[in-house]
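One structure is given here, and the rest of the page talks about it.
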Amino acid sequence: MRIFLDTANIDEIKRAARLGVISGVTTNPTLMAKETGIGFEEAVREICSIVDGPVSAEVTSLEAEGMIREAMQIATWAPNVAIKIPITETGLQATKKLSQEGVKTNLTLCFSANQALLAALAGATFVSPFVGRLDDVGHDGMEVVADIVDIYSRYGIETRVIAASIRHPLHVIAAAKVGAHIATVPYKVLLQMIQHPLTDVGVKKFLEDWARFNERR
Ligand code: E4P
C-alpha cells in the first residue's frame, strides 16, 4: 500500500515529501487552477523534481489525437510523469497508443469496475476510482475499489489501483483493507492520518515526567 498526495500545491508537496511517506503525486485541472503564479509545465516539472515516484498530470483535449499530442509533450518534461486521461472512448484509444509508446498513464474519473477493466485492457499503468464522489451520490465508492482489486488480481492484471477522491482517514484504512495498491490523499487528510490525541497526551506526559526526573537528580 502506497500513499500519493492529491494536490498541485508545491508547499504541501514539499512538506509531505519531508515526512518520507509519500511516493507520488496526483493533480488534475481543478487542483492546478487553485495554484496561482505558476504555469502548468513549470508546476509539473517542479513537482516531478520533488518526488521520485509518479506524478500525474492531466490532458484536457477531448479527441484521442489531441490527448496523445498533449501526453507526448508532457512526457518529455520529466521521466516520472504519468498522463492522466479520463475513461472515455477517446481516452481509451489514446491510452492504447500511449501504452504502446511506453508512456505511463493514469485513467481517471473511474466510477465503475467495467471502466476499470477497459482501462486495464487498453494498457493503463494506473486506474483511479473516485471513492468520495461515488459516496456523494449514494453509491458505495469503496465497493467499486474492492471489485476492481478483485477482478485485477483474479486475472493477474498489472494496472495499479489508486483509491482517489479520498475525503477522510477512514477512506484510507478501507482502501488498504480492500487491497488498493495506492491511496491518493489531500494534504489535510495526510495530516489527519498522523494525528491522535493520545499521542499528544502521551508526549506531554513523558516530557513532564522527564522534567520531574531531572529535577530530582
Ligand atoms: C484523483 O486523482 C483526483 O485528483 C482527486 O482524487 C479527485 O478528488 P475530488 O473528488 O476530491 O475532487
Side-chain angles (χ1 to χ4, degrees), residues 1-61 66-86 91 94-95 97-110 119 123-130 132 158-167 169 171-172 175-176 180-195:
M1 176 73 174
R2 291 190 285 155
I3 302 288
F4 288 1
L5 203 64
D6 195 26
T7 183
N9 184 284
I10 303 290
D11 191 47
E12 289 181 350
I13 294 164
K14 283 183 178 165
R15 284 169 192 266
R18 279 201 286 269
L19 300 176
V21 296
I22 63 156
S23 51
V25 169
T26 52
T27 70
N28 63 39
T30 304
L31 294 171
M32 281 288 171
K34 286 186 188 162
E35 306 308 318
T36 51
I38 188 161
F40 181 45
E41 179 174 346
E42 193 190 345
V44 172
R45 283 182 186 274
E46 177 145 15
I47 297 167
C48 286
S49 74
I50 300 168
V51 290
D52 292 333
V55 172
S56 295
E58 192 154 342
V59 295
T60 50
S61 296
M67 288 176 179
I68 294 164
R69 208 174 320 110
E70 275 185 68
M72 294 307 280
Q73 194 184 3
I74 295 169
T76 65
W77 296 345
N80 54 331
V81 84
I83 310 301
K84 234 177 174 189
I85 300 176
T95 301
K97 176 76 181 152
L98 291 167
S99 75
Q100 286 164 345
E101 298 290 330
V103 175
K104 287 189 282 292
T105 52
N106 174 359
L107 279 264
T108 189
L109 292 169
C110 174
T125 317
F126 302 99
V127 69
S128 293
F130 276 35
E158 287 180 5
T159 304
R160 304 284 90 179
V161 180
I162 305 179
S165 188
I166 294 288
R167 300 279 163 79
H171 269 157
V172 184
H181 305 103
I182 301 145
T184 188
V185 305
Y187 185 61
K188 178 178 161 235
V189 174
L190 182 67
L191 294 183
Q192 288 171 329
M193 289 168 68
I194 300 169
Q195 286 151 15

Under 3.5 Å: donor-acceptor pair, side chain of [X], backbone of [Y]:
{"X": "K104", "Y": "S56", "result": "no"}
{"X": "T125", "Y": "T105", "result": "yes"}
{"X": "T108", "Y": "K84", "result": "no"}

Which residues share a salt bridge (Lys or Arg N to Asp or Glu O under 4.0 Å) with [X], sequence neighbours left out:
{"X": "K97", "answer": "E101"}
{"X": "R69", "answer": "none"}
{"X": "R45", "answer": "E41"}

Query raised in the report: Any chance CD of Q100 has more than 12 other-residue heavy atoms, nucleotides or ligands included, within less than 6.0 Å?
Result: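 More than 12 within 6.0 Å, yes.
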Using side-chain heavy atoms (C-beta onward) and a distance below 4.5 Å, is [X] in contact with [Y]?
{"X": "M32", "Y": "V44", "result": "yes"}
{"X": "T60", "Y": "P29", "result": "yes"}
{"X": "L190", "Y": "L19", "result": "yes"}
{"X": "V172", "Y": "V185", "result": "yes"}
{"X": "L98", "Y": "I85", "result": "yes"}

**Report entry** Selection residues 46-55 - residue pairs positive for salt bridge (Lys or Arg N to Asp or Glu O under 4.0 Å), sequence neighbours left out
**Finding:**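 Salt bridge (Lys or Arg N to Asp or Glu O under 4.0 Å) check on residues 46-55 returns K14-E46.
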Could you report the tightest heavy-atom contact between [X] and [Y], atom names first, then the distance?
{"X": "A75", "Y": "V81", "result": "CA-CG1, 3.6 Å"}
{"X": "V59", "Y": "A71", "result": "CG1-N, 3.9 Å"}
{"X": "A180", "Y": "M1", "result": "O-SD, 3.2 Å"}
{"X": "N106", "Y": "S128", "result": "OD1-OG, 2.8 Å"}
{"X": "A124", "Y": "T159", "result": "O-OG1, 2.8 Å"}
{"X": "T76", "Y": "Q73", "result": "OG1-O, 2.6 Å"}

What distance do [X] atom [atom1] and [Y] atom [atom2] have between them, rounded to the nearest 0.5 Å?
{"X": "N9", "Y": "T27", "atom1": "CG", "atom2": "OG1", "value": "12.0 Å"}
{"X": "I13", "Y": "I10", "atom1": "CD1", "atom2": "CD1", "value": "5.0 Å"}
{"X": "M193", "Y": "H171", "atom1": "CE", "atom2": "NE2", "value": "13.0 Å"}
{"X": "I22", "Y": "I182", "atom1": "CD1", "atom2": "CD1", "value": "12.5 Å"}
{"X": "K188", "Y": "T7", "atom1": "NZ", "atom2": "OG1", "value": "13.0 Å"}
{"X": "M67", "Y": "I83", "atom1": "CE", "atom2": "CD1", "value": "12.0 Å"}

Query - Sole candidate of V189, I166, T26 that passes side-chain contact (heavy atoms from CB on, under 4.5 Å) when paired with T184 - result: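 The passing option is T26.
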Could you work out, with side chain to side chain contact (heavy atoms under 4.5 Å, CB included) as the rule, every residue matching [X], not counting sequence neighbours?
{"X": "A78", "result": "C48, N80"}
{"X": "E42", "result": "I38"}
{"X": "S23", "result": "R2, F4"}

Run the side chain to side chain donor-acceptor pair (under 3.5 Å) test against [X] and tell me which residues pass, sequence neighbours left out.
{"X": "T95", "value": "none"}
{"X": "N28", "value": "none"}
{"X": "S165", "value": "R167"}
{"X": "S61", "value": "E70"}

Query - ring-ring contact (aromatic ring centres under 6.0 Å, His included) partners of Y187, counting only residues at least two apart - result: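 With sequence neighbours excluded, Y187 shows a ring-ring contact (aromatic ring centres under 6.0 Å, His included) to no residue whatsoever.
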